[in-house]
Amino acid sequence: MFEAATGDGPPLPPAEAEQRSREIRAAVDGLLQIRRLTLCQGGDPRAVPAEWERRRPVRAVALALESGGITPSSVDAAGARLSTGYRVGAGERPGTAVVEWLGPPGAGVAQEEAAALGACVPVLERLGWDALLYRGPRGRRFLEVEPMGS
């Protein structure tokens, strides 16, 4: 079963990159078809997340980012961060997600997080997600993401 990369999984072996790309395209095509079928008043299926996406924002936001070519972070079996990229987690409010830019200790992610998270915003907007950049504890930045029109 396809699972979008949230940034808390193992790294993708380079040999599987093309297969993963096909899976992502198929997942987004399926997502857009679901949106077309469930939109009550017609319109652009890219503009509004479907109800099931609103109930599973972490998965939906991770799919949007991965389909937009943004690289997820990864961890080893013990949970240690192996690579730099996005990490999607549940937001404090129902129906929201939080996107952080994380990497291994000493990787300098704090210096690149504003630009990296900024690059995530248009990718999310193209699939109907509103993303606002905030500064959290210790000055680290993150995106709070919710469906457009919420």
Side-chain angles (χ1 to χ4, degrees), residues 1-77 79 81-104 107 109 112-136 140-150:
M1 181 175 157
F2 175 82
E3 285 290 331
T6 63
D8 281 334
L12 178 67
E16 296 179 21
E18 184 55 38
Q19 174 64 27
R20 182 67 180 182
S21 179
R22 284 191 297 273
E23 290 172 350
I24 293 165
R25 281 193 303 275
V28 171
D29 288 346
L31 166 86
L32 294 175
Q33 185 62 22
I34 289 168
R35 287 182 179 187
R36 278 185 204 94
L37 294 171
T38 60
L39 280 174
C40 296
Q41 300 168 336
D44 182 4
R46 293 184 181 271
V48 182
E51 189 57 38
W52 75 266
E53 292 174 89
R54 293 170 184 266
R55 290 191 304 267
R56 294 172 191 85
V58 171
R59 290 177 67 189
V61 167
L63 176 59
L65 291 171
E66 196 173 3
S67 73
I70 308 291
T71 303
S73 182
S74 63
V75 296
D76 65 16
R81 202 72 38 208
L82 294 174
S83 63
T84 300
Y86 69 80
R87 179 192 173 273
V88 183
E92 290 183 12
R93 294 180 295 119
T96 65
V98 171
V99 179
E100 304 168 280
W101 194 255
L102 301 176
V109 295
E112 63 186 62
E113 70 185 2
L117 290 170
C120 294
V121 172
V123 169
L124 292 165
E125 287 175 344
R126 280 195 294 272
L127 283 174
W129 295 94
D130 203 11
L132 298 174
L133 183 64
Y134 290 98
R135 193 178 289 264
R140 296 298 306 265
R141 293 175 178 90
F142 66 93
L143 295 174
E144 184 177 77
V145 184
E146 64 185 13
M148 285 192 179
S150 292

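All values reported here derive from a predicted model rather than from experimental measurement.
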Does E66 reach the main-chain N or O of A5 with its side chain, forming a donor-acceptor pair under 3.5 Å?
-> yes
How about CZ on R46, more than 12 heavy atoms from neighbouring residues, nucleotides or ligands closer than 6.0 Å, or not? no
Closest non-hydrogen atoms of L65 and C120, given as atom of the first, atom of the second and distance, are CD2-CB, 3.7 Å
In short, M148 meets P49 closest at the heavy-atom pair N-CD, 4.5 Å
Please determine if D8 and R81 form a salt bridge, counting it only when a charged side-chain N lies under 4.0 Å from a carboxylate O.
yes
Within the side chain of E53, is there an N or O that forms a donor-acceptor pair under 3.5 Å with the backbone of A50?
yes
| request: Using modelled atom types only, decide if a donor and an acceptor are shared between the side chain of S73 and the backbone of Y86 within a distance under 3.5 Å. | output: no
Flag the pair R140 and E100 as a salt bridge only when some basic side-chain nitrogen lies within less than 4.0 angstrom of an acidic carboxylate oxygen. no
All heavy atoms of A97 vs all of V88, minimum pair found to be CB-CG1, 4.0 Å
Closest heavy-atom pair, P10 versus S74, reported as atoms and distance to 0.1 Å, is C-CB, 3.9 Å
Heavy-atom nearest pair, S83 first then P72, reads OG-O, 4.0 Å
(message) What I'd like to find out is whether the side chain of L63 reaches to under 4.5 Å of the side chain of L127, using heavy atoms alone.
(response) no
| message | With side chain to side chain contact (heavy atoms under 4.5 Å, CB included) as the criterion, how do I70 and W101 come out once you've worked through the C-alpha distance, each side chain's angles and the decisive distance to 0.1 Å? | response | CA-CA 11 Å; I70 308 291; W101 194 255; 3.9 Å; yes
Closest heavy-atom pair, G118 versus P122, reported as atoms and distance to 0.1 Å, is O-CD, 3.2 Å
Between the CZ atom in F142 and the CG atom in L102, the distance rounded to the nearest 0.5 Å is 12.5 Å
